[in-house]
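Note that the coordinates shown come from a computational prediction; the quantities given were computed from them, not determined experimentally. Whatever order the structure lists ligands and atoms in, that order sets their numbers, starting from 1.
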Amino acid sequence: MNTHQKMLEVANQALRQAVEQLRFDPHKPALHAHAPANWLNDPNGLVYFNGEYHLFYQHNPFAPEHWGSGRIHWGHMKSKDLVHWEHLPIALAPSEDYDRDGCFSGGAAVQDGKLYLFYTSNIFTVPPGLPDDLLQQQCVAVSEDGIHFEKSELNPLIKHPPAGIGQDNHFRDPNVFFHDGTWYMLVGNRLGDNGKILLYRSDDLLRWEYVKVFGESSGDMGYMWECPDFFSLNGKDVLAFSPQGIGWPDQPNISGYYLGRLDYETLNFSHGEFYKLDHGFDFYAPQSFTDGKGRRILFGWMRMPRNAEKQWAGSMTLPRELRVTGNRLTIHPVEELTLLRQQQITVSDVRLRQDNRTTYPGIKGTCIELLCTFDLTNTDAAEFGLELRSSLDGDQKTVVTYSKEHNTITLDRNQSGDYVSGTRVLEMQRRAEKLELHIFLDTCMMEMFINYGEYVMSGWLFPDPGNEEIAFFSRGGSTTIKSVDCWGLKL
Ligand code: FRU
């Protein structure tokens with residue numbers, strides 16, 4: 001057994017113990033992919049390999065928290081359909097001098113039937129705990145069976161960003177893609193308060209040559225760019241990334257994308273403006289991949305509020321399919337999620353009268369899918385919306401409000417239960433004749449796809465387990481509901 005295999009044994013053993021000690025927790029997600037126990041953050045190494053979906057993730061098998069020396073491993077699960085996941089042994093453990101304090105985020109590549117995992121090796125250069133005293137380098141581990149990974153003797157493959165271009169204490173999250181016989185790697189980086197992404201090139205996935213700065217903040221787009229994710233879709237090129245310091249006061253780090261065109265002659269990426277990938281709470285560090293059907297599928301990390309961490313912490317989002325529509329991405333729940341549907345209840349063509357709050361028999365639950373279409377041409381209400389996971393007395397609820405005047409959607413979780421609070425207001429750019437809200441609820445999470453994937457708003461909610469009412473309301477006029485479909489969801 002080499003050192004890596006020994007460290008994996010220790011980690012897998014700790015995780016097995018943590019799973020045995022798990023107490024029932026009504027808030028643990030029932031439908032979302034998450035770690036068997038303890039800590040999870042970013043999705044890593046997403047890949048469709050030998051006919052199966054592999055989802056790796058940042059994982060601390062020892063505790064429901066992130067920081068600490070040698071804690072961050074790569075957890076691993078796989079699936080045939082993106083919704084039923086099988087946990088596999090931990091794939092990467094800190095085991096060498098160069099990665100002794102963590103195997104940080106990265107991506108996958110497949111060459112000659114082998115699966116390559118690129119990751120950032122993390123070292124604290126002084127005693128642990130001071131996040132800025134890091135040395136971060138780019139490494140690889142290779143597998144033939146997609147389960148057991150061997151770290152390359154050539155590690156670290158990339159030791160430093162070029163002097164004067166980037167800092168080597170914040171140099172992470174390699175993302176590898178292939179074009180016309182050449183491999184490319186993007187790495188997140190910063191110089192002072194200027195976030196950037198560096199581009200490297202290779203013929204063999206092992207020897208990497210620095211090419212150029214692929215993108216950078218230039219002062220107004222954040223001090224550090226994490227988790228680059230580059231791909232082509234429908235003739236467009238997309239750079240998704242997670243800039244730090246430009247989000248909301250309660251969540252300064254956000255995730256979004258530029259859509260544009262990469263000129264492979266000059267390696268210039270020209271693009272339009274930055275769009276957020278999620279307008280709700282907690283979503284961060286997404287990664288995407290192309291599957292066997294040519295779909296681009298994205299998972300994000302749902303970061304749990306600190307004080308909500310229990311014997312587990314963090315979850316993936318549901319799998320989301322990305323499509324290009326004009327100069328934007330639209331984001332859709334993958335069709336396999338329909339496999340989870342149980343009984344269906346439908347209500348159609350109802351009119352909610354002014355200042356009415358209504359529930360419909362059977363439309364309620366903790367793990368449900370709700371597809372609601374409102375007819376805006378037949379609605380004169382100033383605002384209308386839904387209360388999710390409401391108590392019977394309405395004291396606890398998560399409120400989604402559409403304002404007709406402002407064409408905004410507000411997600412309010414000030415009464416959503418423990419740990420969470422705040423509102424998010426989404427200003428929609430286009431006025432439509434219909435408003436479609438496609439909502440997935442899972443014990444303590446919500447994801448809302450708006451107007452056929454134009455926007456998504458997600459967040460953690462921690463209502464009391466028994467609070468499962470769904471109420472519709474209309475204020476300052478009446479609202480026409482075209483239809484509401486509600487399915488119970490079960491794995
Ligand atoms: C994003 C991130 C990455 C890093 C990883 C460490 O959430 O900070 O930049 O590699 O998490 O777990």
Side-chain angles (χ1 to χ4, degrees), residues 11 35 38-46 56-76 90-94 98-108 117-124 128-141 156 158 161 166-176 185-190 195-198 222-229 240-247 251-256 277-278 282-288 298-306 309 313-317:
N38 287 328
W39 174 267
L40 168 149
N41 59 300
D42 316 355
N44 290 156
L46 298 180
F56 301 86
Y57 54 92
Q58 292 282 279
H59 177 42
N60 178 357
F62 299 102
E65 62 193 23
H66 183 272
W67 282 105
S69 178
R71 291 309 187 202
I72 291 297
H73 295 57
W74 278 39
H76 187 191
I90 292 169
L92 298 180
Y98 56 82
D99 66 6
R100 61 170 190 249
D101 295 325
C103 299
F104 278 13
S105 284
L117 297 183
F118 292 89
Y119 70 100
T120 297
S121 55
N122 186 58
I123 297 179
F124 295 108
L130 299 175
D132 266 343
D133 291 307
L134 312 170
L135 176 63
Q136 301 193 324
Q137 303 176 310
Q138 315 320 318
C139 296
V140 71
I158 306 179
Q167 294 173 207
D168 56 12
N169 60 347
H170 290 283
F171 178 47
R172 57 180 173 266
D173 310 337
N175 163 247
V176 171
M185 181 195 284
L186 299 178
V187 189
N189 198 202
R190 67 186 279 188
K196 49 176 79 185
I197 289 172
L198 307 187
Y223 61 83
M224 168 71 200
W225 285 11
E226 297 191 312
C227 304
D229 180 26
F241 61 108
S242 296
Q244 297 190 306
I246 61 163
Q251 190 189 335
N253 305 341
I254 58 168
S255 302
L277 279 162
D278 196 296
D282 313 312
F283 175 93
Y284 192 60
Q287 193 179 102
S288 68
L298 174 137
F299 285 88
W301 166 38
M302 292 298 288
R303 180 190 194 117
M304 206 145 95
R306 266 269 148 80
E309 293 164 8
S315 174
M316 293 299 146
T317 60

Can you find an N or O of His66 that's nearer than 3.5 Å to an N or O of ligand 1?
yes
Any nitrogen or oxygen of Tyr284 lying under 3.5 Å from a nitrogen or oxygen in ligand 1? Just yes or no.
no
Give me the nearest non-hydrogen protein atom to [atom] as residue plus atom name, then the distance to 0.1 Å.
atom	answer
atom 4 (C) of ligand 1	Asp173 OD1, 3.5 Å
atom 6 (C) of ligand 1	Gln58 OE1, 3.2 Å
atom 2 (C) of ligand 1	Asp42 OD2, 3.3 Å
atom 8 (O) of ligand 1	Glu226 OE2, 2.9 Å

May I ask you to decide if [Y]'s main-chain N or O and [X]'s side chain share a donor-acceptor pair within less than 3.5 Å?
X	Y	value
His59	Trp39	yes
Asp168	Pro161	no
Gln287	Asp229	no
Ser255	Ala285	yes

Would you mind listing which atoms of ligand 1 come within a distance below 4.0 Å of any non-hydrogen atom of Ser105?
5 (C), 10 (O)
Assess, by modelled atom type and distance only, whether the side chains of Asp282 and Gln251 contain a donor and an acceptor separated by less than 3.5 Å.
no
In terms of side-chain heavy atoms, does Gln138 have a donor or acceptor partner in Thr120 at a distance below 3.5 Å?
yes
Beyond-backbone contact of Glu226 with Phe241, side-chain heavy atoms, under 4.5 angstrom:
no
Structural part of Asn41 in contact with ligand 1, heavy atom criterion under 4.0 angstrom
side chain
Does Thr120 come within less than 4.0 angstrom of ligand 1, counting non-hydrogen atoms of the residue?
no
